[in-house]
Protein chains: 2
Amino acid sequence: MIYTHLEVTEVAGDIFDFCCNMTEEQDARARALIERAAAKWPLRILHALSDAGAPLRFSRLMERIEGISQKVLTQTLRTLESDGLIIRTLYPEIPPRVEYELTPLGRDLLMQVVTLWRWIVERLDEFDSRKAVKLTATDN
Amino acid sequence: MIYTHLEVTEVAGDIFDFCCNMTEEQDARARALIERAAAKWPLRILHALSDAGAPLRFSRLMERIEGISQKVLTQTLRTLESDGLIIRTLYPEIPPRVEYELTPLGRDLLMQVVTLWRWIVERLDEFDSRKAVKLTATDN
DNA sequence: CAGAATCCTAATAGATACTG
DNA sequence: CAGTATCTATTAGGATTCTG
C-alpha cells in the first residue's frame, strides 16, 4: 500500500531493498512487534530482566521498574509473554510465586534493540544540537 | 534506578556493559527517542520518506500513509522535526507548498531501525511458533 | 494546499478494593 | 504474593469546519 513501486528499481530502493523480499503482512507484523517491544514499559521490563541476569518475581519487577503500576506491569508482561519474549513460570505454593525470565528469542531481540540504543546514545549530541539550533532560531 | 549494580562485574553485565558508560539521563533520552521513533506512525512516515527517495508534500504523505488523519500526521511530523529526523521546508507560494524530507540523521537512524526490522522478519516464524504452542496448550 | 481550531469518542493509565 | 475487578482520570485519536 505504501510501496508504490513493487517493481522497484535502484532509483528509490536504496536501503529498503529488503522490502521487496517480504510480504505486506510480514512487514506489518514485524513493525507491530517493534512497536510493542520498543515502547516505554516493555523496553524497561526486558532491560530489567536482562540486567538481573536471573528470573525475577512479579514484586521484584515492580520494585525495579520505577513508576509502573501493578496493572500496567501485568498487562505488559502478558503481551511480552504472548510475543514469545519472556516466560512466566507459576510455582503453585502458598503464597504463590511467579517468576519471569527472558526467552532466548527475547534476549536476542533485546540485544538487537540495545545495539540501536547504543547507537543513539553515541549520537545524542547530534539530536541535541538540532534542538538547540531550533530553539535559538525560534527565540528570535 | 533499575541498575542495582553500578559497579557491575561480569556476572550480569553481559550485553549491558554499555550502560556503565552512560548516565541515567543519556539512557532515558535514548530510550525516549526509540520510543518516539519506533512507534506506529513515525515509523511509517520515515519509511515513506525514504521510500519516496525525494521530498514529499504534506498531501502526498497523507496519500501514502493509509489510515492516518491530518491531525495526527501534523503532530507526528512536528515531533519528528523536533527530534531532528526530518526537515520541513515551507515555500511561501499561493497555494502554499510544504515539503518534508529525511535529515541525514533521520536516514541513518532509519537504517538502524531497518536492520532491526529485517532481523525480526527473518525470525517471524519463531515468534509465531511460540504463539501456536501457547494456543494449543491453552485449548486443552 | 497545509494546516489550525473545535468537538467528541475511544483507548490507556492510575487508584483502590478485593481474592485464591 | 500475584494478581483480578472496578471505577475514574487522562490522553490519544478521529471527524468536521474554517483560514491564510
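Letters go in sequence order (proteins before strands), and every chain restarts at 1. Keep in mind it's a predicted model, so treat the numbers as computed, not measured.
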Just how far, in rounded Å, is P of C:dA2 from CD1 of B:Ile86?
-> 14 Å
To the nearest 10 degrees, what angle separates the axes at the start and end of the helix from C:dC1-D:dG20 to C:dG20-D:dC1, five pairs each?
-> 50°
Spacing between A:Gln75 atom CD and D:dG3 atom P, to the nearest angstrom = 13 Å
Rounded to whole Å, the CG-P distance (A:Leu61 to D:dA2) equals 9 Å
Aromatic centroids of A:Trp117 and A:His47 separated by under 6.0 Å = yes
Whole Å only: how far is the CZ atom of A:Arg97 from the P atom of C:dG20?
-> 22 Å
Going hydrophobic residue to hydrophobic residue with side-chain gaps under 4.5 angstrom, can you get from A:Tyr91 over to A:Ile86?
-> no
Taking CG from A:Leu73 and P from D:dC1, how many angstroms apart are they, rounded to a whole number?
-> 14 Å
Residue whose nearest DNA chain D nucleotide is more 5′ - A:Leu77 or A:Lys71 = A:Leu77
Contact class for B:Arg88 vs. all strands (heavy atom < 4.0 Å): base, sugar-phosphate, or nothing?
-> sugar-phosphate
With heavy atoms under 4.0 Å as the rule, sort A:Tyr100 into base, sugar-phosphate or nothing.
-> sugar-phosphate
What nucleotide, of C:dA2, D:dC1, C:dA5, holds the atom closest to the side chain of B:Gln70?
-> C:dA5
Can you tell me the distance, in whole Å, between the CE atom of B:Met62 and the P atom of C:dA4?
-> 13 Å
